[in-house]
Amino acid sequence: MPRKLAAVLLAVAFVSGCGEEPGFTATLTDPVNVDLSWPDDDPNVAGRIVEYTTDPHGEYTILHFVPPRQTTYRHPDLMPETRFYYRIRPFYGVASNPVTTSGAATPAASGPAVSLRTGDRSAAPAAFRAEPAPESMVRFSWADRSSDEDGFLVEIKKPGADGFVPIEVADPGTTSAGLASMPGEDGASYRLRAFYYGPASPVLDRTTGAGP
């Protein structure tokens, strides 16, 4: 998963498949930058995933996992004269208690795995631990307590930050991940979220203009 001008040109826009969802917009702010926005209209959402493709029949690429109250995203410095297709998907799930690299792991749990769809807190990852590793890495490990996750998100709260934001995604069924520590993350808190996707939005597309 990712960590990332000239005269304004008119572009023709349309939606693939069905009408535009009220509030979800894609704006070509200049020839090679697209700004996406959407309403903060779901109090239960854990965040959203922003995706794009240049092939309406192909696979989508993840641009970013955004925290729940974020409602905009810029896709910058795009290939000129190219059609880009966008969609957003909400995700839901439960997170472990926070830990630091110097702290103890979250408590372990026993018993059968639990469905995330029930909203049961016992589906949160257990025994979550963040440990320093060579070459400025942080190594994460956990026990998978959910039976139907679409993946896991490592979330970070940097010193002085207001809340947690997603920084790394791991595949369903996994129990470990590694991440390079970045400047400003010393003393950060981490937590792990087991998540599942909600339905995707309708697809918007925009065509970039000529490059500089």
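Residue numbers start at 1 and run along the sequence shown.
- Although no hydrogens or angles enter the test, the distance criterion places a donor-acceptor pair under 3.5 Å between the side chain of Gln70 and the main chain of Thr72.
- At a threshold of 4.5 Å between non-hydrogen side-chain atoms, the residues Val94 and Leu116 count as touching.
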- Query: What's the verdict on side chain to side chain contact (heavy atoms under 4.5 Å, CB included) for Phe140 and Leu179, showing C-alpha distance, side-chain angles and the deciding distance?
  - Reply: CA-CA 8 Å; Phe140 304 99; Leu179 187 67; 3.8 Å; yes
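- For Pro90 against Pro199, the heavy-atom pair with the smallest separation is CD-O, 3.2 Å.
- Counted by atom type alone, Tyr92 and Asp42 present one or more donor-acceptor pairs between their side chains at under 3.5 Å.
- Ring-plane geometry between Tyr197 and Phe195 is classed as perpendicular, the angle between the planes exceeding 60 degrees on a 0 to 90 degree scale with a lower cut at 30.
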Distance-only donor-acceptor hits, side chain of residues 123-139, under 3.5 Å, sequence neighbours excluded:
residue : atom : partner : partner atom : Å
Arg139  : NH2  : Ser176  : OG           : 3.4

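- In this view, Asp120 satisfies the salt bridge (charged side-chain N to carboxylate O under 4.0 Å, His left out) rule with no residue, not counting sequence neighbours.
- The nearest pair of heavy atoms linking Pro31 to Ala210 is CB-O, 3.4 Å.
- At a threshold of 4.5 Å between side-chain heavy atoms, the hydrophobic network of Ile, Leu, Val, Met, Phe, Trp and Tyr places Val45 and Val165 in two separate groups.
- Looking at Val203 and Tyr60, their side chains come closer than 4.5 Å, going by heavy atoms from C-beta outward.
- Note on Val99 and Ile167: same hydrophobic cluster, where clusters join Ile, Leu, Val, Met, Phe, Trp and Tyr whose side-chain heavy atoms are under 4.5 Å apart, directly or indirectly.
- Distance check: Asp55 CG to Tyr85 OH gives 8.0 Å after rounding to the nearest 0.5 Å.
- Annotation for Asp162: atom CG does not count as buried by contact number, only 12 or fewer foreign heavy atoms lying within 6.0 Å.
- With a 4.5 Å cut-off on side-chain heavy atoms, Arg193 and Glu155 count as touching.
- Contact check for Leu36 versus Thr25: no side-chain heavy atoms found under the 4.5 Å cut-off.
- Atom OG of residue Ser96 and atom CZ of residue Arg145 lie 13.5 Å apart, to the nearest 0.5 angstrom.
- Contact record, Asn33 with Pro76: OD1-CA, 3.0 Å, taken as the closest heavy-atom pair.
- Rounding to the nearest 0.5 Å gives a distance of 11.0 Å between CG of Asp205 and OG1 of Thr53.
- The CZ atom of Arg83 lies 4.0 Å from the OG1 atom of Thr207; values are rounded to the nearest 0.5 Å.
- Between the side chain of Glu51 and the backbone N or O of Ile88 there is no donor-acceptor pair closer than 3.5 Å.
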- Determine, stepwise, if the pair Trp38 / Tyr73 fulfils ring pair (Phe, Tyr, Trp, His ring centres under 6.0 Å). CA-CA 9 Å; Trp38 53 89; Tyr73 182 83; 7.7 Å; no
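- When side chains are defined from C-beta on, Val66 counts as touching Val50, because their heavy atoms get closer than 4.5 Å.
- Checking side-chain atoms of Arg48 against main-chain N and O of Pro68 turns up a donor-acceptor pair under 3.5 Å.
- Taking the side chain as every heavy atom from C-beta outward, Asp150 and Pro172 never approach each other to under 4.5 Å.
- Side-chain atoms of Leu153 and Phe91, non-hydrogen and from C-beta on, do get closer than 4.5 Å to each other.
- Tyr52 is connected to Leu204 through a chain of hydrophobic side-chain contacts under 4.5 Å among Ile, Leu, Val, Met, Phe, Trp and Tyr, so both are in one cluster.
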- Item | Derivation of the side-chain hydrogen bond (donor to acceptor under 3.5 Å, both in side chains) call for Arg74 and Thr29 | CA-CA 10 Å; Arg74 165 165 282 199; Thr29 53; 3.1 Å; yes
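- In the hydrophobic clustering of ILVMFWY residues, with side-chain heavy atoms under 4.5 Å counting as a link, Phe152 and Ile156 come out together.
- Phe84 pairs in a side chain to side chain contact (heavy atoms under 4.5 Å, CB included) with only one of the listed residues (Leu78, Leu28, Val34), which is Leu78.
- A distance-only check finds a donor-acceptor pair linking the side chain of Trp142 to the backbone of Thr174 [under 3.5 Å].
- Contact detail for Ser201 and Phe24: the closest heavy-atom pair is OG-CE2, 3.3 Å.
- Looking only at atom types and distance, the side chain of Asp144 has a donor-acceptor partner in the side chain of Ser146 under 3.5 Å away.
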- What's the verdict on side-chain hydrogen bond (donor to acceptor under 3.5 Å, both in side chains) for Asp148 and Ser115, showing C-alpha distance, side-chain angles and the deciding distance? CA-CA 6 Å; Asp148 53 2; Ser115 171; 2.6 Å; yes
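- Of the inter-residue distances, the one linking Lys158 atom NZ with Asp186 atom CG reads 11.0 Å to the nearest 0.5 angstrom.
- Of the inter-residue distances, the one linking Arg117 atom CZ with Ser147 atom OG reads 8.5 Å to the nearest 0.5 angstrom.
- Across Gly93 and Ala46, no two heavy atoms sit closer than the pair N-CB, 4.3 Å.
- For the pair Arg69 and Asp41, the salt-bridge criterion is not met [side-chain N within less than 4.0 Å of a carboxylate O].
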